[in-house]
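First the structure, in the form of structure tokens, and then the observations on it.
Note that ligands are numbered from 1 as they come in the structure, with each ligand's atoms numbered from 1 the same way.
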Amino acid sequence: MIDQIKQQIKNELQKYYLVNYNTEISIVVEEPKDAKLGDISIPMFSVVKILRKPMPEIVNEAIEVIQKLDLPLEKLNPVGAFINIFFSKSLLAMEVLKDILSKSQNYGNSSIGEGKRITLDYSSPNIAKTFSIGHLRSTMIGNSIKLILQKCGFQTYSINYLGDWGTQFGKMIVAYQKWGNKEEIMKDPINRLTELYVRFHKEAEENPKLEEEAREAFLKMEQKDPKYLELWQWIREESLKESQQIYDLLGVTFDSYKGEAFYNDKMDSVVEELKIKGLLKEDQGAQIVDLGEDMPPALIKRSDGGSLYITRDLAAVFYRKKEYHFDKILYVVGNEQKLHFQQLKKLIEKMGYDFADQIEHINFGLYLTNGKKVATRKGNVTKLYDVLQTAIRLAKELIETKNPKLENKEEIAKAVGIAAIVFGDLKNYRGLDAEFNLEQSVKFEGQTGPYLQYTGVRIASILKEKPYTIAQCEKKQFELPHYFDIIKLLSAFPSTIEKAATEYAPSVLAKYLLSLAQCFNKFYSLEKINVEDEAIRNSNFCLSKAVRIVLNEGLRLLGISYLNEM
Ligand code: ARG
């Protein structure tokens, strides 16, 4: 609402100068440094300079224009070159609350994405390896960006681009043939397969010939050798089961699981096109494309004819452009693949297509535990499913002590544990490395997901105490600072969503929700909500209800479930 008021004043003034002076002037509506001066402030220097009229005349004219608008303003105060404006806090509050209570979970919906399609590539774990913590980040960040974009009217298409192709499968197959045993593996597929993979790397250090064998095995796969493909298929299915457990826990879904293997028969035509366009060049038996001074060349085909990660991504992006008609494609992938996506964009540009700038690498930092990266290669594996289960167990313990009589403890502990993990991640700006502390994240106080859920639950139980209506509120109540602070935040929800959407940054929303919850809890500590006075009680309840609506919707957009009890 406050943003709309600002926008409306800006638009009206600009229109006024255009119509009356035939001049385009850009008006800025800002917040004064000192809140005592006003809620918003408009500097008029630029208008004076352009129209060459005395300041008082300009200021009076502008004030007249603003006063004609039907806005909840209380006072317009010209001070020098500024027009300082005070809102009528009570009128504004009523408009904000009516807006939220009537729109409910649709409050904050935006139309900035109307008619636009965004394809998202996220999660994308590597089959036959333990689901890594980096893939968990990609999953949670991607999922939240998708939900935020949908709220802004974008049409989304989400792809889990499974890492189900590449030399690592050659390694896997060689290791399996040498040391594997199907029965043994079936007992605990991912762990046994991971062990095989780790063993391969250890032995290959001693015996480099193994790498050679692995490349040959992968070539056989690329040539569609049925025996190898059958093995691959089996490994793929077993691995997917593990990822699926994690997706089920997190409540994450995808529109497509077309992984790298899907593009096996779609690369030749792309390589052919590179050749026809004169971009492909031989280098020590391999096929490469020079990408200029700024980056190393892209390796398109190995000397043995094997394809590479970038070859598959190239084939995939053309397929996706054709199938999904995206206006933008987002790759939610760690910082360490920055160069890969720069190369992908550059390749498309060099091939003469105009959609390179629609490709965006949504990068994120490392997930650290005790300051160290977690790697799967050396067998130093943190099983993510176990991490999630641990969070759920810790949540259950907390619930047992805080609310032992609660029904559905299992269900609720699950929601709280997941909230801890997801929020513990999303509150950090994605581009940076993030330290993750499980115990801290599960707490019901502090900057945690459970704290937000708990605030919502607190409100839900207050609201059950008495019926209330917005029709009979004590409007004056909202002029008190601890009331109006909440109104201001509530009114900033729509612009927060848009900012999170345009920056592809769920942390913008996560931080906002923390401020809102903190602000509400301060209010709660200062004010008895269920008071005798009916009008004041209505004001308190309506305000609380609005906070609950925004909190719930905000949590949903982060991929976290809200609760009625905990
Ligand atoms: N599977 C890859 C990895 O784990 C991530 C894939 C990201 N998406 C893509 N289109 N390259 O490193």
Side-chain angles (χ1 to χ4, degrees), residues 118-143 145-146 156-172 190 193-194 197 218 232 235-236 239-240 242-244 246-247 252 254-264 266-267 270 298-300 307-324 326 328-348 355-356 358-367 373-377 381-382 384 430 504:
I118 298 194
T119 294
L120 298 99
D121 173 321
Y122 60 97
S123 195
S124 311
N126 296 325
I127 289 302
K129 281 197 194 169
T130 308
F131 199 100
S132 84
I133 212 139
H135 295 115
L136 182 71
R137 288 208 83 184
S138 172
T139 308
M140 298 185 291
I141 296 169
N143 182 54
I145 293 177
K146 171 178 90 172
T156 64
Y157 192 82
S158 58
I159 304 174
N160 191 347
Y161 182 65
L162 296 173
D164 56 3
W165 207 245
T167 21
Q168 73 268 30
F169 288 94
K171 293 177 185 174
M172 206 69 225
I190 296 303
L193 289 171
T194 307
Y197 194 68
F218 177 54
W232 165 79
I235 295 174
R236 185 182 192 270
S239 311
L240 250 186
E242 184 190 282
S243 307
Q244 198 54 51
I246 292 182
Y247 300 139
V252 170
F254 300 91
D255 298 313
S256 158
Y257 284 81
K258 288 196 173 86
E260 296 185 39
F262 178 77
Y263 297 97
N264 188 30
K266 296 175 181 54
M267 284 180 285
V270 180
L299 181 55
I300 300 293
S307 71
L308 288 112
Y309 183 48
I310 193 141
T311 328
R312 294 187 283 278
D313 251 329
L314 199 55
V317 77
F318 286 120
Y319 177 87
R320 291 165 176 181
K321 184 73 189 165
K322 202 166 118 245
E323 289 294 312
Y324 315 132
F326 57 74
K328 195 122 227 175
I329 180 162
L330 309 179
Y331 293 86
V332 187
V333 186
N335 283 331
E336 61 281 9
Q337 293 192 26
K338 187 165 169 223
L339 175 63
H340 171 77
F341 290 103
Q342 283 171 341
Q343 290 182 314
L344 185 64
K345 281 174 93 142
K346 196 74 179 177
L347 276 168
I348 288 163
F355 68 95
Q358 296 176 348
I359 295 179
E360 203 148 339
H361 176 202
I362 306 303
N363 62 320
F364 57 82
L366 292 177
Y367 221 15
K373 187 194 168 182
V374 197
T376 46
R377 174 70 80 75
V381 166
T382 311
L384 277 185
R430 59 176 166 75
Y504 308 115

- Looking only at side chains, do Asn160 and Tyr247 share a donor and an acceptor under 3.5 Å apart? yes
- Message: Applying salt bridge (Lys or Arg N to Asp or Glu O under 4.0 Å), can you list everything that pairs with Lys346, at least two apart in sequence or on another chain?
- Response: Glu349
- Task: Sequence neighbours left out, what pairs pass salt bridge (charged side-chain N to carboxylate O under 4.0 Å, His left out) with at least one residue falling in residues 254-264?
- Result: Glu260-Arg312
- In short, Leu308 meets Leu299 closest at the heavy-atom pair CD1-O, 3.5 Å
Write 'none' if nothing qualifies; otherwise put on separate lines each N/O atom of ligand 1 with a protein N/O atom under 3.5 Å away and their distance to 0.1 Å.
| from | atom 1 | to | atom 2 | distance (Å) |
| --- | --- | --- | --- | --- |
| ligand 1 | 1 (N) | Ser124 | O | 2.9 |
| ligand 1 | 1 (N) | Asn126 | OD1 | 2.7 |
| ligand 1 | 4 (O) | Asn126 | OD1 | 3.3 |
| ligand 1 | 4 (O) | Asn126 | ND2 | 3.0 |
| ligand 1 | 4 (O) | His135 | NE2 | 2.6 |
| ligand 1 | 8 (N) | Asp121 | OD1 | 3.1 |
| ligand 1 | 10 (N) | Asp121 | OD2 | 2.8 |
| ligand 1 | 10 (N) | Asp313 | OD1 | 2.8 |
| ligand 1 | 10 (N) | Asp313 | OD2 | 3.4 |
| ligand 1 | 11 (N) | Tyr309 | OH | 2.7 |
| ligand 1 | 11 (N) | Asp313 | OD2 | 2.7 |
| ligand 1 | 12 (O) | Gln337 | NE2 | 2.7 |

- Could I get the full list of salt bridge (Lys or Arg N to Asp or Glu O under 4.0 Å) partners for Glu323, not counting sequence neighbours? none
- Message: On the six-membered ring of Phe355, is Lys321 placed so that its NZ or CZ lies under 6.0 angstrom from the centre and within 45° of the ring axis?
- Response: yes
